[in-house]
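Report on the following structure.
Order of the sequence lines sets the chain letters (A, B, ...), proteins ahead of strands, with each chain counted from 1. Computed from a prediction, not measured in an experiment: that's the story for all the values here.
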Number of protein chains: 2
Amino acid sequence: MLSKKTKYGLKALTFLASQPNREPIQIAEVAKHENISQKFLESILLTLRRNGFLGSKKGKGGGYYLIKDPSEIQMTSVMRVLEGPIAMVPCVSLNFYEKCDDCPDEGICSVNKLMLKVRDANLEVYRNTTLADLITQ
Amino acid sequence: MLSKKTKYGLKALTFLASQPNREPIQIAEVAKHENISQKFLESILLTLRRNGFLGSKKGKGGGYYLIKDPSEIQMTSVMRVLEGPIAMVPCVSLNFYEKCDDCPDEGICSVNKLMLKVRDANLEVYRNTTLADLITQ
DNA sequence: GTTATTCCTATTAAATCTATAGGGTAATAA
DNA sequence: TTATTACCCTATAGATTTAATAGGAATAAC
């Protein structure tokens with residue numbers, strides 16, 4: 001299952017990307033427009049800012065805004081920041097590799113074999129989809 | 001993340017599929033060979049039997065065995081039984097469709113748009129992979 | 001200085017996953 | 001028939017993760 005964090009984060013990014021300009025938009029406005037708990041969204045937007053997707057401005061007239069062109073934001077990076085590893089098991093993860101402690105040999109592991117295919121298929125989708133592709137005209 | 005239930009279930013299926021014949025194999029033997037808690041595995045094998053993947057024989061000399069040819073067992077059905085829906089959100093699920101309560105219109109939802117692609121990519125993998133493909137010769 | 005807004009930490013509530021406990025039931029061999 | 005073996009089933013506890021809330025600190029505009 002996709003976590004609500006990722007779901008909300010994607011919706012927020014899309015909303016910001018669909019703005020006519022890059023003026024700061026308040027958290028409250030995003031939350032209202034996308035039906036998201038404002039406090040929860042607050043922490044999500046913070047994560048997105050810390051990871052280089054958003055800029056922010058404090059005080060009156062402040063808010064969040066995209067700092068890249070939507071067509072330059074790949075879903076691979078968005079998913080990794082919000083949802084975590086793209087691989088379903090650590091032993092096939094490119095960025096978060098870990099050996100399974102219960103598995104003596106990855107080379108003959110059926111789970112490894114299947115999840116490698118799944119990872120590649122997902123990567124293919126995420127690499128070829130940018131934020132710009134998700135905006136409905 | 002892939003649940004341990006699915007992971008263990010896949011390993012058990014592969015182990016049973018790699019047996020030279022279809023004689024019953026005891027739970028204890030599967031558990032030992034695959035480093036799985038026997039009690040946990042017990043419930044997983046039960047699920048697999050109820051869903052038509054395995055047969056079982058009680059009493060002395062009993063155990064579990066495959067009742068289909070490994071090449072006829074698609075990963076789509078295995079994953080649905082063990083892991084649940086293949087889709088990451090209910091609004092793009094083929095077998096478990098549900099409308100998102102926070103989303104007014106799926107047609108213009110960026111999450112829906114992205115997860116549709118992901119679902120299709122995963123289905124493609126699962127449909128084209130059978131248990132036979134996971135056995136290492 | 002007042003107001004509006006983001007920023008940050010900690011905590012709680014709920015849900016899910018993993019595993020264990022403990023026995024019940026059926027089949028088989030002798 | 002008796003003992004044994006092994007599957008069958010339910011309940012529950014512990015651990016982890018997720019989702020959301022609370023409360024205030026810092027910053028900027030006016």
Side-chain angles (χ1 to χ4, degrees), chain A residues 1-12 16 23-32 34-67 79 81-85 88-90 96 98 100-102 111, chain B residues 1-12 16 23-32 34-51 53-67 81-85 88-90 96 100-102:
Chain A
M1 275 286 283
L2 194 74
S3 69
K4 298 224 169 184
K5 181 180 172 187
T6 304
K7 190 177 177 183
Y8 295 163
L10 277 170
K11 287 193 170 197
L16 293 176
E23 297 292 307
I25 310 287
Q26 296 166 29
I27 294 177
E29 190 180 340
V30 181
K32 193 179 173 188
E34 301 294 340
N35 290 310
I36 306 173
S37 144
Q38 180 166 337
K39 273 292 186 178
F40 191 21
L41 180 61
E42 207 175 297
S43 69
I44 297 169
L45 294 181
L46 203 54
T47 301
L48 290 172
R49 183 187 63 85
R50 285 178 177 154
N51 283 279
F53 296 101
L54 301 178
S56 67
K57 193 183 169 191
K58 289 184 187 177
K60 194 170 185 177
Y64 282 97
Y65 50 92
L66 269 191
I67 55 177
M79 290 298 290
V81 163
L82 293 173
E83 189 75 5
M88 292 183 80
V89 283
F96 304 86
E98 251 177 72
C100 296
D101 41 350
D102 60 318
V111 176
Chain B
M1 275 286 281
L2 195 72
S3 69
K4 297 225 168 182
K5 182 181 172 186
T6 303
K7 189 177 178 184
Y8 294 163
L10 277 171
K11 287 195 170 196
L16 293 177
E23 296 292 305
I25 310 287
Q26 296 168 29
I27 293 178
E29 190 180 341
V30 181
K32 192 178 175 190
E34 301 295 338
N35 290 311
I36 306 174
S37 143
Q38 181 167 338
K39 275 291 188 179
F40 192 21
L41 181 60
E42 212 174 294
S43 70
I44 296 168
L45 293 181
L46 204 54
T47 301
L48 289 172
R49 185 187 62 85
R50 285 176 178 154
N51 283 278
F53 297 101
L54 301 179
S56 66
K57 190 183 168 191
K58 292 182 182 176
K60 193 168 187 179
Y64 282 98
Y65 52 91
L66 268 191
I67 54 177
V81 163
L82 293 174
E83 189 76 4
M88 292 182 81
V89 283
F96 303 87
C100 295
D101 41 347
D102 60 318

May I have the distance from [X] (atom [atom1]) to [N] (atom [atom2]), rounded to whole angstrom?
X	N	atom1	atom2	value
B/Gln38	C/dT18	CD	C1'	16 Å
A/Ile44	D/dT21	CD1	P	12 Å
A/Lys7	D/dA20	NZ	C1'	15 Å
B/Glu29	D/dA6	CD	P	11 Å
B/Phe40	C/dT20	CZ	C1'	11 Å
A/Lys58	D/dA26	NZ	P	9 Å
B/Lys57	C/dA27	NZ	C1'	9 Å
B/Arg49	D/dA6	CZ	C1'	13 Å

Base, sugar-phosphate, or nothing: which does B/Leu45 touch, judged by heavy atoms less than 4.0 Å apart?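 Here B/Leu45 touches no strand at all.
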Need one value for B/Lys4: base, sugar-phosphate or nothing, where a base atom within 4.0 Å counts as base even if backbone is also close, heavy atoms only.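 Sugar-phosphate only.
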Inter-residue atom distance A/Ile25.CD1 - A/Leu45.CG, 0.5 Å rounding: 11.5 Å
Selection from [options] that lies nearest to any side-chain heavy atom of [X]:
X	options	value
B/Gln26	C/dT20, C/dT6, D/dC7	D/dC7
B/Lys39	D/dA26, D/dC8, C/dG22	C/dG22
A/Tyr8	C/dA29, D/dA20, D/dC7	D/dA20

Assign each of A/Thr6 and A/Gly61 to its nearest nucleotide of DNA chain D by heavy atoms, then name whichever residue's nucleotide is nearer the 5' end. A/Thr6
Scanning both residues in full, the closest heavy-atom pair of A/Leu41 with A/Ile27 reads CD2-O, 3.8 Å
At their closest point, which heavy atom of B/Gly55 faces which heavy atom of B/Ile67, and how far apart are they?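 Residues B/Gly55 and B/Ile67, closest heavy atoms: N-CG2, 3.4 Å.
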B/Leu48 and B/Tyr64, any side-chain heavy atoms less than 4.5 Å apart: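 The answer is no, as the side chains (C-beta and beyond) never meet within the 4.5 Å cut-off.
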A/Lys4 with B/Asp102: basic N within carboxylate O range, under 4.0 Å: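 Judged by the 4.0 Å cut-off on N to carboxylate O distance, A/Lys4 and B/Asp102 do not form a salt bridge.
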No-H, no-angle donor-acceptor pair, A/Glu42 side chain to C/dC8 base, under 3.5 Å: yes
Distance check: side-chain N/O of [X] vs OP1/OP2 of [N], anything under 4.0 Å?
X	N	result
B/Ser37	C/dT20	yes
B/Arg50	D/dC8	no
B/Ser56	D/dC8	yes

